[in-house]
Protein chains: 2
Amino acid sequence: MYALNGKWKISIISSICCFGKRRFSDILNDVEGISNRMLSKELKELEINQLVKRTILDTQPITVQYELTEHGNTLQTIISNLAEWGVVHRNKITGKKVESIETSCNEKIDV
Amino acid sequence: MYALNGKWKISIISSICCFGKRRFSDILNDVEGISNRMLSKELKELEINQLVKRTILDTQPITVQYELTEHGNTLQTIISNLAEWGVVHRNKITGKKVESIETSCNEKIDV
DNA sequence: CTGAATCCAGATGGATACTG
DNA sequence: CAGTATCCATCTGGATTCAG
């Protein structure tokens, strides 16, 4: 089941989960290299899949806040596992030893 | 870290892990809808990433056997988790209740 | 049987400009 | 600020054919 396709979904989820709530432009900065066009599209898909919740704040100018739904949170464990495996894998492939594994929310996830 | 991109990798790994060892044409049958071109390509990538091991059997005509490497096996847990989450997710989205979750190796994984 | 080669349609995604 | 629209290059993957 890949409601997770697209190049950025995991990074986006990580960004949001890391802060709890996050604005559009914040995510735009967090996720290196993504364009607003893509971010908009991916967020929309995540919203349709009920993984993130979108809230329009009545500020001036308007801001929009994104947060993980309860359901989205159930993904965190899996993403952590993936990230952890990814680290081990990278080291395996590049032939380095695994010194330490950190999978805090702040860690950048390579895609 | 996506050494897992491509439409079929997870299905292929599932097929192999399910039987331990699997020939090219067997996988071709297991994974519904894949073409030999894709299977060939995806297997090659998996091999490069040291997730599967390729063995040429000296039969007539030649057959090739694929099996998961030790490293590939470490992915099984994660894939199971993903599959399990996928089932829950599907039911969530379609609004059905989750009756039971089976994540045996025989289960088909929807991609 | 395994798998490489070619052809080609459609999806993906970057850059940029524009709107409310 | 948040998003949409357009243009366009590249990537993906299916069908088919060929080769060892």
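A, B, ... follow the sequence lines: proteins, then strands. Residue 1 opens every chain.
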Note, [X] side chain near [Y] side chain (heavy atom, < 4.5 Å):
X	Y	answer
A/Val31	A/Leu39	no
B/Ile62	B/Leu57	no
A/Leu51	A/Leu68	no

- Sugar-phosphate, base or nothing in reach of B/Arg37, heavy atoms under 4.0 Å: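 Contact class for B/Arg37: base.
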
Measure [atom1]/[X] against [atom2]/[N] and give the value in whole Å, please.
X	N	atom1	atom2	answer
B/Asp58	C/dC1	CG	C1'	13 Å
B/Glu47	C/dT2	CD	C1'	13 Å
A/Leu39	C/dT12	CG	C1'	16 Å
A/Phe24	C/dT19	CZ	P	18 Å
B/Ile56	C/dT2	CD1	P	11 Å

- Return no unless some side-chain N or O of A/Ser35 is found under 4.0 Å from OP1 or OP2 of C/dA15.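 No, outside the criterion.
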
- Considering just the side-chain nitrogens and oxygens of B/Ser25, establish if one lies under 4.0 Å of OP1 or OP2 belonging to C/dT2.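 Result: yes.
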
- Can you label the angle between the A/Phe24 ring and the A/Tyr66 ring as parallel, tilted or perpendicular, going by 30° and 60°?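 Rings of A/Phe24 and A/Tyr66: tilted, as their planes differ by 30° to 60°.
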
- Query: Which residues satisfy the salt bridge (charged side-chain N to carboxylate O under 4.0 Å, His left out) test with B/Arg22, sequence neighbours excluded?
  - Reply: B/Asp26, B/Asp30

- 5' to 3' on DNA chain D, which nucleotides open and close the contacts with chain A (atom under 4.0 Å from a heavy atom)?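 Listed 5' to 3', the contact boundaries are D/dC1 to D/dT6.
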
- Item | Along DNA chain C (nearest heavy atom to each residue), the more 5'-positioned of A/Ile62 and A/Asn5 |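 Closer to the 5' end of DNA chain C: A/Asn5.
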
- Item | Residue whose closest nucleotide on DNA chain D lies nearer the 5' end, B/Lys41 versus B/Asn36 | B/Lys41

- Message: Quick one, B/Gln76 with B/Asn73, criterion side chain to side chain donor-acceptor pair (under 3.5 Å). Give me CA distance, side-chain angles, the key distance, then yes/no.
- Response: CA-CA 5 Å; B/Gln76 278 195 46; B/Asn73 273 308; 2.7 Å; yes

